[in-house]
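As structure tokens, the structure follows; a few thoughts come after it.
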Amino acid sequence: MNHRNYAQKCLKRCEEELGSGDHERLKYAALELRMSMEALTYDRALAYKDEFPPAEYETWQPRKVMSVLLDIDPSADKDSSLAIGKQKEYGVPAQAMRSLGSEKVLNMTTLRKHYDALGSYLHLQSMKQVRAGKPLDFDKIRSRCEEIAAFVGEVLSSPVFNVTLGSFATMECMECGKPIRKRMPHGQEVVKVECYECHAAYTLVDKGNNNIEWQPQQHDIECANDDCKHKIVVWLHEVEAGKHWKCPSCNGKNTFELGISYEAEQ
Ligand SMILES: [Zn+2]
Ligand SMILES: [Zn+2]
């Protein structure tokens, strides 16, 4: 499904509903607008498919999808512009830059501000609101819908879209061999990353000069047989009550159990 295309169709239907001037049709305008925002969020998520595979978010609400997008890339909800230019000398920025246009993206602030508000127009008023005789302010709803529709229209007519630039650390997972790709946020030295395939976790440490160190979150665990003490390596996500392994040295069975340690008041 082409999310952008779908968002465009929703927006068009929303504008038709708004154009009818009928108060009773405002809820349909709000519904179309909400769906348009949802489609744009999924479209944005697709741009990050290496870091955030669709299988992870297909069943999520757009608001949750956007929160994760922001977590992957703090600039995910910022507008950006692209320009190119020919360098006369290698490494020296070109003097003449040609703009390729700017991207207007659906940002989290706007999403938070409008998404729920639109939702509230889709439900009946509560009995309390009806008892209080508080009528729906159709003019307010209409101007809100128009404001959001204008914003969504700008996002959709942006000549450049879904630009994701950044520095990435890439490595094959030590456990399953699948590639892991992680964006290194600007100015951040330590980042946690998890393999989408097998959930092995790593800590990435920026050592400077494009040197990223991958530290697997593993622990050495000894066989609980006092006469054996053979060590195996266990991933952090594997440490769970009930999980067990057969010791390769003494063939005994070791099982993780919940335990409590107590220290008396000092
Ligand atoms: Zn893996
Ligand atoms: Zn053992």
Side-chain angles (χ1 to χ4, degrees), residues 1 3 41-77 162-262:
M1 173 164 143
H3 296 292
T41 302
Y42 292 122
D43 179 62
R44 190 76 188 143
L46 272 181
Y48 293 89
K49 61 181 186 305
D50 289 343
E51 298 152 86
F52 185 28
E56 293 276 319
Y57 62 80
E58 264 167 355
T59 59
W60 297 0
Q61 289 293 317
R63 192 214 274 253
K64 189 174 169 190
V65 173
M66 191 49 104
S67 309
V68 175
L69 288 182
L70 280 169
D71 189 46
I72 295 173
D73 179 3
S75 65
D77 72 337
N162 290 339
V163 176
T164 74
L165 299 174
S167 48
F168 290 89
T170 311
M171 198 194 69
E172 274 180 13
C173 176
M174 294 175 189
E175 183 70 11
C176 70
K178 287 268 162 29
I180 307 175
R181 205 162 167 252
K182 179 75 184 175
R183 186 181 298 265
M184 294 299 293
H186 200 74
Q188 202 170 321
E189 276 164 26
V190 178
V191 178
K192 296 230 184 296
V193 60
E194 193 184 295
C195 171
Y196 283 116
E197 200 66 29
C198 72
H199 301 289
Y202 302 83
T203 303
L204 270 58
V205 183
D206 190 347
K207 298 275 183 184
N209 294 324
N210 290 327
N211 191 359
I212 308 279
E213 190 176 279
W214 291 68
Q215 301 169 345
Q217 297 198 359
Q218 293 174 322
H219 296 277
D220 287 345
I221 309 261
E222 285 181 346
C223 173
N225 174 0
D226 283 335
D227 297 330
C228 172
K229 298 263 184 202
H230 178 82
K231 275 186 192 162
I232 62 158
V233 176
V234 175
W235 288 91
L236 191 62
H237 73 274
E238 292 175 320
V239 180
E240 192 185 315
K243 286 227 170 159
H244 52 83
W245 76 96
K246 186 178 164 187
C247 175
S249 176
C250 70
N251 285 326
K253 182 181 170 186
N254 286 287
T255 307
F256 284 117
E257 282 173 1
L258 287 178
I260 300 176
S261 73
Y262 173 80

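Whatever order the structure lists them in is the order used to number ligands and atoms, beginning at 1. Remember, it's a predicted structure, so these values are computed and weren't measured experimentally.
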Please work out which of the three classes, parallel, tilted or perpendicular, describes the rings of F256 and W245, given edges at 30° and 60°. tilted
Might you point out which heavy atoms bring [X] and [Y] nearest each other, and give the distance in Å?
X    : Y    : answer
C247 : C250 : SG-N, 3.5 Å
A224 : N254 : N-OD1, 2.9 Å
E240 : H237 : OE1-O, 4.4 Å

Which pairs would a plain distance check flag for residues 227-236, meaning a side-chain donor or acceptor within less than 3.5 Å of a matching protein atom at least two apart in sequence or in another chain?
residue	atom	partner	partner atom	Å
W235	NE1	E175	OE1	2.6

What is the number of protein N, O or S atoms that sit under 2.8 Å away from the Zn ion (ligand 2)? 4
Spacing of C173 atom SG and E194 atom CD [to the nearest 0.5 Å]: 10.0 Å
Just checking: C176, one of its N/O/S atoms, less than 2.8 Å away from the Zn ion (ligand 1), yes or no? yes
